[in-house]
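Chain identifiers are assigned alphabetically (A, B, ...) following the order of the sequence lines, protein sequences preceding nucleic acid strands; residue numbering begins at 1 within each chain. These numbers were taken from a predicted model, which means no experiment stands behind them.
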2 protein chains.
Amino acid sequence: MVCERNTIQKEKIFKYLSSVETHPTAETVFNEVRKEIPSITLATVYRNLNKLAEQGCVHRLELNGEYHFDGRQGMHQHGVCRKCGKIIDFIDSEISKNALKKINSADFEAEDVTIIYSGVCKECKYTGRN
Amino acid sequence: MVCERNTIQKEKIFKYLSSVETHPTAETVFNEVRKEIPSITLATVYRNLNKLAEQGCVHRLELNGEYHFDGRQGMHQHGVCRKCGKIIDFIDSEISKNALKKINSADFEAEDVTIIYSGVCKECKYTGRN
DNA sequence: CCTTTAAATAATAATCGTTATTAAATAGTA
DNA sequence: TACTATTTAATAACGATTATTATTTAAAGG
């Protein structure tokens, strides 16, 4: 079975990721989950996050020099603000499906596609932050 | 001007990236460029690569837990083999243009899009490697 | 040219995110 | 209940990247 969650630790980690709309790092997940399981270590969090990602239960994004984890189900895209680093979701499975459809190479069998927009978020645009 | 290259070090780094079709890490660039400038250090290579990326002269990709640098000009996409990690180029600016066109959010002003396919390369498919 | 000033360099150390190791604990199964 | 494989906590180690600093170099104006 794909999304087995056979330890308390793994289950709490998955539940937390599923409960938020953000894209936390392992450190953030650790700080949340340790409220419920004080003895848990960062290494355990990493191990379970990576396993969940391997199993396809969560997404792992490489952004801003670190891994971010994303519990949202279904095809979606991300936007990353080049000023503040904020990550937001775009939900339009057509975009991803179209991009996948158009790749047809003898050298590579595409199974999935990651689409990341870079630009400026609303807050940074208004404040003129940089 | 966008792509100023005002030191020997920066120029050689840019020339090397422009001369290859691969997506080398800073370490690889360092090992190549030091053949011509033996005194150069890895930190200098990083600094110049990041500056070139900021200036839009090269692309910086976050893949397999490290940065890869890409001197190819123009919109293109990448495929990453989930078995061996190999990175290949796809050149179809329409895919990227379409993906950019479809994003129209009040919360985010998209300037650029990164499209990364994951899948299996020809070699890994034939050999059944994992 | 020569001087000045800001920026880049080499050398090195430090930092940060992530993974490896290991003995003890736990889950799953017979 | 007993057995076996997996997972855990604790800790150390690793690898990629960035910071520091004294020295050198580039660039622009006089």
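Within the hydrophobic cluster formed by Ile, Leu, Val, Met, Phe, Trp and Tyr side chains joined at under 4.5 Å, directly or through other members, A:Tyr117 is accompanied by A:Met75, A:Ile88, A:Phe90, A:Ile95, A:Leu100, A:Ile103, A:Phe108, A:Val113, A:Ile115, B:Met75, B:Ile88, B:Phe90, B:Ile95, B:Leu100, B:Ile103, B:Phe108, B:Val113, B:Ile115, B:Tyr117.
For the helix from C:dC1-D:dG30 to C:dA30-D:dT1, the end axes, each set by the C1' atoms of five terminal pairs, are bent relative to each other by 40° (nearest 10°).
Mapping heavy-atom proximity under 4.0 Å, the span of DNA chain C touched by chain A runs 5' to 3' from C:dG17 to C:dG28.
Take B:Asn31 and apply the side chain to side chain donor-acceptor pair (under 3.5 Å) test, not counting sequence neighbours, and it matches B:Arg34. For A:Gln9, there are no side chain to side chain donor-acceptor pair (under 3.5 Å) partners, not counting sequence neighbours. Applying the side chain to side chain contact (heavy atoms under 4.5 Å, CB included) test to A:Tyr46 and every residue at least two apart in sequence or in another chain returns A:Ala26, A:Leu42. Taking B:His68 as the reference, nothing meets the ring pair (Phe, Tyr, Trp, His ring centres under 6.0 Å) condition, with sequence neighbours excluded. Contacts of B:Glu36 classified as side chain to side chain donor-acceptor pair (under 3.5 Å), with partners at least two apart in sequence or in another chain: B:Lys12.
Contacts of B:Gln9 with the nucleic acid, taken as non-hydrogen atoms under 4.0 Å apart, involve only primed sugar atoms and P, OP1 or OP2.
There is a side-chain donor-acceptor pair under 3.5 Å between A:Ser96 and A:Gln77.
Pairs of residues two or more places apart, or lying in two chains, that qualify as salt bridge (Lys or Arg N to Asp or Glu O under 4.0 Å) and include a residue from residues 59-74 of chain A are A:Glu21-A:Arg72, A:Arg72-A:Asp89. Within the structure, salt bridge (Lys or Arg N to Asp or Glu O under 4.0 Å) pairs that include any residue of residues 48-57 of chain A do not occur (at least two apart or interchain).
Between A:Lys10 and A:Asn6, the shortest heavy-atom distance links the atoms CD-OD1, 4.1 Å.
Atom NE2 of B:His68 and atom C1' of D:dG15 are 13 Å apart (whole Å). If you take OH of A:Tyr46 and P of D:dG15, they are 16 Å apart, rounded to a whole angstrom. Residue A:Asn64 contributes atom CG, which lies 14 Å from atom P of D:dT17 at whole-angstrom precision. Rounded to whole angstrom, the span from the CZ atom of B:Arg47 across to the C1' atom of D:dT25 amounts to 12 Å.
Taken to the nearest 0.5 Å, the NE2 atom of B:His78 stands 13.0 Å off from the OG1 atom of A:Thr114. The line from CG of B:Asp92 to OG of A:Ser105 is 12.0 Å long, rounded to the nearest 0.5 Å.
Comparing D:dT18, D:dT8, D:dA26 by their nearest atom to the side chain of A:Asn48 picks out D:dT8.
Of the charged side-chain nitrogens involved, none lies within less than 4.0 Å of a carboxylate oxygen, so that A:Glu94 and B:Lys102 do not count as a salt-bridged pair.
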Please list, pair by pair, any protein nitrogen or oxygen found under 3.5 Å from a nitrogen or oxygen in nucleotides 2-6 of chain D.
none

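Contact check of residues 34-45 of chain A against DNA chain C (heavy atom, cut-off under 4.0 Å) returns A:Leu42, A:Ala43.
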